[in-house]
Amino acid sequence: MTRGALPPARSAAFAATYVVLTLVGRATAIEGQVVSLVWPGSGVAFLWLLAESPRHVLRVLVPLTALHFGVVVATGVSPLLGLFGAASVTLQTAVAVLLLRRWCPTMLGTGGTHSIRSPRALAVTAGSAAIGCALGAAVGTLGLWLDEVPVTGLTPVAWFARHFAGVLTVGAVGHLAWEWHTQTIPARVRGGSRAELVLLWVVSVTATALLFVQPYPVVFLVIAFAVWSAARFRTFPAALHCLVLGGLALVLSLTDHGPFAAVEDPVAEVLVSQLFMVVVVLTGLAVGALGDRVDEAYAAVTAARAESAEQAELLAEMTESMDEGLIVLDPDGRVERSNGASRRLAHRVSLATTDADALAELVALLHDPEPSHTGAVRAELGVGDVVIPLGSGEEIVLAVSRATLSRAGGPPGVLLVLREVTEHRSGLRPLAGFASTAAHDLRGPLSAIRSWVGLAADDLEPGSPAAEPLRRAERAAEQMGELIGDLLEHALAESGELAAREVPIVGPDGVLDQVSGLLGPDDVLEAAPDLPSVRADPVAARQLFGNLIGNAVKYAKPGEHATITVRARRKGSRVVVEIEDHGVGVEDSERALIFQRFHRSGAVRAHFRGTGMGLSICQTIVQRHGGTIECLATPPGSGTVFRFDLPAGSAPEGGETGR
């Protein structure tokens with residue numbers, strides 16, 4: 001939001017202050033010269049224009065020009081030099097403020113709320129002031145030359161220095177006072193007390209006066225007081241303290257005290273004195289700005305730690321109230337953290353007296369369960385289910401899920417989530433057995449229906465009106481037979497006991513050779529001769545590969561033969577298998593749905609017969625072997641790639657075990 005014009009009372013206050021400081025500056029003009037040695041009014045002009053709205057800059061620049069011209073002419077400066085001097089101050093103020101508003105819009109007077117309390121703000125302020133004062137020095141020097149005042153190489157430097165010193169001392173400290181008045185400035189994290197502040201003022205002012213009344217060049221020790229002040233106290237009090245010390249040093253130098261009085265040229269003497277004052281003030285501002293950044297960083301870290309502690313406490317309360325057990329394992333498999341539910345489960349399983357021992361025993365049972373306690377041989381168990389025997393002779397079923405926990409700069413850990421599903425799983429075995437029995441018993445009556453319908457259709461005269469309805473009934477019976485067959489296979493996949501053994505993928509006894517009868521005379525099945533073997537139930541493995549390869553043949557593009565590529569690689573304790581074809585493919589929107597029972601997309605249903613059970617059977621087989629199956633994304637029209645994993649067989653001697 002654009003600020004309104006500066007109130008008249010404040011404008012009048014700025015104008016009065018500028019007039020007073022201009023008279024102070026004019027009082028430093030030595031006999032025989034018209035140019036003042038110091039000019040603190042430059043800082044007031046800088047603040048005045050910053051406080052004014054950018055839309056009303058003329059309300060500052062016009063009276064500033066008039067006031068400057070009137071005061072300097074009234075104190076003995078020629079009208080020509082007074083005009084150029086006024087133009088010099090007006091130009092440098094306008095340029096410095098314009099650049100500051102463009103380069104640092106976060107400060108007071110430029111659109112923000114901050115002052116010179118950051119290294120960037122200090123650098124931008126100094127840069128803006130330097131550019132503006134350099135232009136002003138050029139204009140002022142030109143006025144001196146036109147007024148026939150003697151001009152040397154030191155003249156523009158002295159002009160620049162007095163105005164630059166005014167902006168960086170009076171202007172900077174005034175800007176900090178502005179922020180102090182309008183904002184709440186936090187105290188130093190490890191700041192000094194009021195007693196220390198009083199001690200600092202007494203010691204530093206006394207020491208500065210003593211250093212400047214003796215002739216030895218040790219006045220640089222004043223800088224130590226600037227560092228002390230800025231490091232222990234907030235930036236504004238520190239900058240004000242530094243301004244007082246620098247001003248005291250300047251006054252003593254102007255009265256021929258201190259080592260700077262040894263400089264014969266009075267202009268050079270004051271130039272060095274102003275440089276010293278600027279160095280003291282800049283030191284205080286720089287150390288104060290760095291201290292502010294450190295305090296802000298410390299406050300941010302403290303707030304972040306408090307928030308993290310609060311979130312950690314909340315997370316701990318949440319995990320403790322969960323019904324599911326949570327166990328965090330470190331990279332070596334040791335229990336690192338747990339919640340109340342997991343500890344209660346552990347003490348049900350183990351008679352160990354400590355939580356650590358009970359949890360360690362539970363984790364050991366989950367990591368290496370007996371084969372008879374997993375879903376590989378117990379149909380009612382789901383993927384990840386583990387049966388845990390209790391000391392009482394009973395048993396509980398835990399659904400276990402694992403997640404990898406990444407750690408910065410170290411190996412990952414593991415999160416185990418345990419959920420007791422004993423009652424739920426106990427009711428699934430009768431359902432699975434019933435589905436298998438029902439599917440098996442329905443095949444007999446349906447075969448009889450198909451036979452009698454076929455005989456009736458064969459006995460009809462050609463062209464009989466009853467022939468077509470009978471043929472339709474026969475096709476419906478065939479489709480029903482396929483559906484019942486798939487249901488039986490699905491029930492067997494779910495409820496049949498799995499006897500895992502070494503199953504080669506390729507070779508004379510390999511599973512691919514067993515299902516090769518599904519290929520047509522022109523179809524091609526490609527597989528490398530050294531594919532690793534798997535450890536699975538042979539019947540289930542044959543059914544898995546048969547369904548996928550049968551689908552590849554069935555869904556080949558019309559008029560083209562099927563080309564199927566089988567790839568497999570060992571990865572740790574698993575074998576990852578990919579079966580790729582170049583058939584009609586699967587749309588992206590269907591890839592997550594095709595493993596559902598009876599799901600068939602509209603395009604497939606319109607052109608191909610089927611029951612929608614084949615891929616569901618494949619998923620059941622893979623899951624009962626502890627793996628996953630997915631349909632990978634492929635470009636449209638390029639075919640289908642199915643990827644799944646099975647337990648790895650024994651690695652060949654010297655063979656690759658994967659990573």
Side-chain angles (χ1 to χ4, degrees), residues 312-330 332-405 412-436 491 493-498 500 573 595 597 619-628 647:
E313 183 178 356
L314 177 61
L315 181 60
E317 292 177 356
M318 292 172 57
T319 55
E320 285 297 320
S321 64
M322 292 176 61
D323 293 332
E324 291 80 6
L326 301 178
I327 299 177
V328 177
L329 304 179
D330 65 14
D332 296 327
R334 294 187 295 267
V335 177
E336 191 174 87
R337 294 184 182 181
S338 61
N339 69 341
S342 64
R343 293 190 291 273
R344 288 191 294 271
L345 280 173
H347 283 294
R348 288 178 62 189
V349 173
S350 171
L351 298 179
T353 56
T354 65
D355 290 343
D357 292 341
L359 287 168
E361 186 172 342
L362 175 60
V363 170
L365 292 173
L366 296 176
H367 269 314
D368 190 21
E370 296 184 11
S372 60
H373 291 163
T374 64
V377 294
R378 297 182 62 163
E380 73 273 15
L381 302 184
V383 179
D385 285 359
V386 177
V387 177
I388 303 294
L390 303 180
S392 62
E394 300 177 349
E395 61 183 22
I396 60 174
V397 181
L398 298 181
V400 184
S401 60
R402 294 171 171 83
T404 301
L405 299 178
V414 176
L415 170 65
L416 299 180
V417 181
L418 314 179
R419 183 165 55 92
E420 185 177 356
V421 291
T422 307
E423 294 184 4
H424 179 265
R425 297 297 190 259
S426 63
L428 294 182
R429 178 182 286 272
L431 292 177
F434 172 78
S436 175
E494 283 189 330
S495 63
E497 294 188 358
L498 303 180
S573 62
F595 295 101
R597 298 177 187 177
Q619 184 182 54
T620 300
I621 293 173
V622 172
Q623 288 181 343
R624 291 197 64 193
H625 285 82
T628 59

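What you are looking at is a predicted structure, and each value in this text was computed from that prediction instead of being measured.
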Would you say the side-chain atoms of S321 pair up with the backbone N or O of M318, donor to acceptor, closer than 3.5 Å?
yes
Determine whether L359 and S342 make a side-chain contact, defined as any pair of heavy atoms from C-beta on separated by less than 4.5 Å.
yes
Verdict with supporting geometry, R344 and E420, salt bridge (Lys or Arg N to Asp or Glu O under 4.0 Å):
CA-CA 12 Å; R344 288 191 294 271; E420 185 177 356; over 6 Å; no
Taking the side chain as C-beta and beyond, is there a heavy-atom pair between L405 and L329 under 4.5 Å?
no
Would you call E320 and R343 a side-chain contact if the rule is heavy atoms closer than 4.5 Å?
yes
Ignoring hydrogens, what is the shortest heavy-atom contact between L326 and N339? Give both atom names and the distance.
N-OD1, 2.8 Å
Between CG of D323 and CG of L418, what distance do you get to the nearest 0.5 Å?
12.5 Å
Take I327 and L415, measure what side-chain contact (heavy atoms from CB on, under 4.5 Å) needs, and give me the verdict at the end.
CA-CA 6 Å; I327 299 177; L415 170 65; over 6 Å; no
Does the D330 side chain pair with the main chain of D332, one donor and one acceptor, at a distance under 3.5 Å?
yes
L362 vs L398 side-chain heavy atoms within contact, under 4.5 Å:
yes
D357 side, atom CG; H347 side, atom NE2 - distance, nearest 0.5 Å
9.0 Å
